[in-house]
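All remarks here apply to the structure that follows.
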Amino acid sequence: MRTPLRRSAASLVLAAALAAGCSSGGGSGRTEAAPTASAPSLSAAERVAGEQDGIAPTGGPTASAPARPTASGAPDGPVHGPSAPAGPVRPDAALTPATGTFTPQEKKYLSGRVPVAADPAAVLDIGRETCQRLSRTARHDKDAAAAAVVAGDVRDAADAVAHLCPDQRPVLDAARGGYPDGTHASPAAGRYRSVSAGPDCTWQVTDARGTQLAAGPAPGATAPHTLTVPAGAAGLQSTGCYAWLRA
């Protein structure tokens with residue numbers, strides 16, 4: 001049975017933290033910062049991910065950091081969360097590990113995404129965890145991995161693949177042009193197929209006047225579902241379907 005990679009931001013951060021903790025002493029001089037007095041239970045990777053998302057150590061939003069936008073469908077590219085932190089970032093010249101060196105590709109991944117007070121190695125661990133998740137899932141089900149990218153459940157997938165794990169490019173190619181659940185304006189015409197749709201999956205396509213052009217599923221239909229978006233459609237609304245890939 002296909003299992004989607006639907007994880008909350010908190011669980012993704014925890015996975016990244018565990019990956020960082022298990023990799024001490026190997027590669028690129030990764031270190032883990034000591035917990036601060038204000039957040040004794042958070043690892044370096046957890047604190048970094050919180051800073052990137054504009055989340056305070058206690059789990060609430062900071063007063064000054066804006067909320068990160070939610071992912072939305074993009075006809076010409078895969079869906080992935082924004083890669084830039086909410087606040088100031090380290091200049092490229094300051095992207096150095098406590099020990100060892102970063103490779104040129106690792107430096108490209110880190111550029112513009114390391115908060116000023118964060119350990120660059122902890123940020124790199126988050127990218128490596130993204131690559132590990134894509135690789136593990138794609139080995140069993142490439143569609144599930146692509147759907148997780150479309151749904152925004154894999155952190156910074158495009159940047160991680162581009163700089164840290166180019167072998168996962170087929171997953172991004174499969175995700176390209178897909179749509180997650182939600183409301184999308186001017187959807188690209190074509191056929192789509194659902195991945196990991198729930199029992200309450202429904203959808204509709206409308207024109208500029210709000211007239212329904214297509215809807216589903218048909219009575220008695222079971223997943224996986226197919227959806228055709230006609231030319232000139234103005235809106236697509238999907239609920240409970242998780243993600244749609246190009247058919």
Just wondering, do [Y] and [X] contact through their side chains at under 4.5 Å, heavy atoms?
X	Y	value
Pro97	Phe102	yes
Leu236	Val205	yes
Arg176	Asp173	yes
Leu110	Leu124	yes

Which heavy-atom pair separates [X] from [Y] by the least distance, and what is that distance?
X	Y	result
Ala160	Gly127	CB-O, 3.9 Å
Arg113	Asp156	NH1-OD2, 2.8 Å
Ala151	Pro180	CA-CB, 3.8 Å
Leu134	Ala157	CD1-CB, 4.4 Å
Ala148	Tyr242	CA-OH, 3.5 Å
Arg246	Ala188	NH2-CB, 3.3 Å

Please round to the nearest 0.5 Å and tell me the distance separating atom [atom1] of [X] and atom [atom2] of [Y].
X	Y	atom1	atom2	answer
Thr130	Asp125	OG1	CG	11.0 Å
Asp181	Ser238	CG	OG	4.0 Å
Gln132	Arg128	CD	CZ	9.0 Å
Cys241	Tyr179	SG	OH	15.0 Å
Trp203	Gln237	CH2	CD	13.0 Å
Glu106	Leu164	CD	CG	6.5 Å

Val171, Leu245, Thr137 screened by side chain to side chain contact (heavy atoms under 4.5 Å, CB included) with Val149, the one that passes: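 In the set Val171, Leu245, Thr137, the residue that makes a side chain to side chain contact (heavy atoms under 4.5 Å, CB included) with Val149 is Val171.
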*Evaluate side chain to side chain contact (heavy atoms under 4.5 Å, CB included) for Tyr109 paired with Asp159, printing each intermediate quantity in order.*
CA-CA 7 Å; Tyr109 173 78; Asp159 291 337; 4.2 Å; yes
Taking Arg90 for the side chain and Thr96 for the main chain, is one N or O donor matched with an acceptor at less than 3.5 Å?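 No, the answer is negative, given that no donor and acceptor are paired below the 3.5 Å cut-off.
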Without placing hydrogens or testing angles, list every side-chain donor-acceptor pair under 3.5 Å for residues 208-228, not counting sequence neighbours.
unit_1: Gln212; atom_1: NE2; unit_2: Gln204; atom_2: OE1; d: 3.0

